[in-house]
Amino acid sequence: MANAMDAVSARDFAVEFMSAASICATHLSRLAEEIVIWSTDRFAFISLSDAYATGSSIMPQKRNPDAAELIRAKPGRIMGDMVALLTVLKGLPLAYGKDMQEDKEGVFNALDSLSLCLAAMTGMMEKLTPVPERMLAAAGKGFSTATDLADWLVRKADVPFRDAHHITGALVALAEKSGCDLADLTLADMQNVDARITDDVFSVLSVENSVASRTSFGGTAPENVRAAAQSWRAALKDV
């Protein structure tokens, strides 16, 4: 360092590490929360390996996502270590004070906690099993392609979006009343709401087509997702 007093008094390297660790742990915690939710019977989007789940102490049929739950909790400890060190430093004059030896415990604890989280998450992600049929079924609920219908009306039928929004709402209401999805309405049903609708509309009402249509940068189209995965694999190959 260019200044001796800065060198003696600085603990920025420790605070910066714990800041990065806190951010990383927070993202791991959010992913862990997804895993906890997705592994429940209500969603069942994934199945966890027995290596990262444990049986319930009272319910024999239950498998608890313990690893994910513990990862979800760890950021509290790591962020606490960062705040503790910042609190030590905030009132110190320049140069060295014995207070600074309090940096060690927090840094080592944050490192140990984050290392454990990364190892557990890596193993859990490698061994979990996705259930795509459950995800597909969930993706189609709640009239998820209604926006695609409104966009189709604008793009293909030359309807102003304000009107397209209204027409789509009417069709959603009709589907709700009929107890079916938008794609299950007949062309005649749709044309009773607006005569400008043609049978081409069915090309945008499936979940698969909806996902595939988002081809802009960062979009959900399968080719975009594959390209992003390949890019990250290449970037992380030598890390």
Heavy-atom closest contact (Pro222 atom, Ala212 atom, distance): CD-CA, 3.9 Å

Path from Leu136 to Trp38 over hydrophobic side-chain contacts below 4.5 Å: no

Hey, could you give me the CD/CZ distance between Glu176 and Phe143, rounded to the nearest 0.5 Å? 4.5 Å

Answer yes or no: is there an ion pair linking Asp200 with Arg155, defined by an N-O contact shorter than 4.0 Å? no

Of all heavy-atom pairs linking Pro160 and Val154, the shortest is C-CG2, 4.3 Å

What is the distance from atom OG of Ser49 to atom CD of Glu126, rounded to the nearest 0.5 Å? 11.0 Å

From Met121 atom CE to Leu118 atom CG, the distance as rounded to the nearest 0.5 Å: 9.0 Å

Got a donor-acceptor contact below 3.5 angstrom from the Asp163 side chain to the Val159 backbone? no

Val36 backbone acceptor or donor facing Ser39 side chain under 3.5 Å: yes

Taking side chain as C-beta onward, heavy atoms only, is Trp152 less than 4.5 Å from Thr198? yes

Any side-chain heavy-atom pair from Val207 and Ser144 closer than 4.5 angstrom? yes

Please determine whether side-chain contact (heavy atoms from CB on, under 4.5 Å) holds for the pair Met82 and Ser19, giving the CA-CA distance in whole Å, both sets of side-chain angles, and the decisive distance to 0.1 Å. CA-CA 7 Å; Met82 180 181 69; Ser19 175; 3.8 Å; yes

Ser47 side chain vs Thr129 backbone, donor-acceptor pair below 3.5 Å: no

Can you get from Leu94 to Tyr96 by hopping between Ile, Leu, Val, Met, Phe, Trp and Tyr side chains that sit under 4.5 Å apart? no

Pair Arg63 + Asp50, salt bridge at N-O below 4.0 Å: yes

Do Phe202 and Met190 touch side chain to side chain, with heavy atoms closer than 4.5 Å? yes

Is a side-chain N or O of Thr26 found less than 3.5 angstrom from the main chain of Ser22, in a donor-acceptor match? yes

Check whether any side-chain heavy atom of Ile197 sits under 4.5 Å from a side-chain heavy atom of Asp194, and report yes or no. yes

Has Asp148 got a side-chain atom pairing as donor or acceptor with Leu205's backbone, closer than 3.5 angstrom? no

Any residue meeting ring pair (Phe, Tyr, Trp, His ring centres under 6.0 Å) with Phe108, in chain and number order, not counting sequence neighbours: none

Could you pull out the closest heavy-atom pair between Met1 and Ala10, with the gap in Å? CE-CB, 4.3 Å

Thr145 OG1 to Asp181 CG distance, which is reported to the nearest 0.5 Å: 6.0 Å

Would the distance check show the side chain of Asp99 and the main-chain N or O of Val88 forming a donor-acceptor pair, the cut-off being under 3.5 Å? no

Checking Val204 against Asp151 for the side-chain contact (heavy atoms from CB on, under 4.5 Å) test, could you report, in this order, the C-alpha distance in whole Å, the side-chain angles of both residues, the deciding distance, and whether it holds? CA-CA 9 Å; Val204 301; Asp151 289 343; over 6 Å; no

Distance (rounded to the nearest 0.5 Å) between Arg11 CZ and Glu16 CD: 13.0 Å

Min side-chain heavy-atom separation Asn224-Arg214 under 4.5 Å: no

Check for a donor-acceptor pair, side chain of Asn64 on one end and backbone N or O of Asp66 on the other, with a separation under 3.5 Å. no

For atom CG of Asn3, decide whether the heavy atoms of other residues, nucleotides or ligands shown that lie under 6.0 angstrom number more than 12. yes

Which heavy-atom pair separates Thr168 from Ala146 by the least distance, and what is that distance? CG2-O, 3.4 Å

Distance-only side-chain donor-acceptor flag, Asn209 / Ser206, under 3.5 Å: yes

For Ile71 versus Ala120, what's the shortest heavy-atom pair and its separation? CD1-CB, 3.8 Å

Whether the side chain of Asn109 engages the backbone of Ile78 through a donor-acceptor N/O pair (distance < 3.5 Å, no angle test) should be reported. no

Applying side-chain contact (heavy atoms from CB on, under 4.5 Å) to Leu92 and Met100, what does each step give before you reach the verdict? CA-CA 9 Å; Leu92 295 182; Met100 290 183 177; 4.0 Å; yes

Nearest heavy atoms of Ala164 and Ala150, plus distance in Å: CB-O, 3.6 Å

Are Val8 and Val107 linked, directly or through other ILVMFWY residues, by side chains that come within less than 4.5 angstrom of each other? yes

Mark yes or no for whether Thr186, through its side chain, and Asp189, through its backbone, hold a donor-acceptor pair below 3.5 Å. yes

Is there a side-chain contact between Ile35 and Met125, using heavy atoms and a 4.5 Å cut-off? yes

Decide whether Ile37 and Leu28 are clustered together by the hydrophobic rule: side chain heavy atoms of Ile, Leu, Val, Met, Phe, Trp, Tyr closer than 4.5 Å, transitively. yes

Does any part of the side chain of Val131, heavy atoms only, come nearer than 4.5 Å to the side chain of Phe45, both counted from C-beta? no

Any side-chain heavy atom of Met135 within less than 4.5 Å of one from Ile46? yes

Any donor-acceptor pair under 3.5 Å from Arg77 side chain to Ala110 backbone: no

Under 4.5 Å between side-chain heavy atoms, counting indirect links through other Ile/Leu/Val/Met/Phe/Trp/Tyr residues: same cluster for Leu114 and Tyr52 or not? yes

Looking at Lys127, I want to see if its NZ is surrounded by more than 12 non-hydrogen atoms of other residues, nucleotides or ligands under 6.0 Å. no

Between CG of Leu153 and CG of Leu171, what distance do you get to the nearest 0.5 Å? 7.5 Å

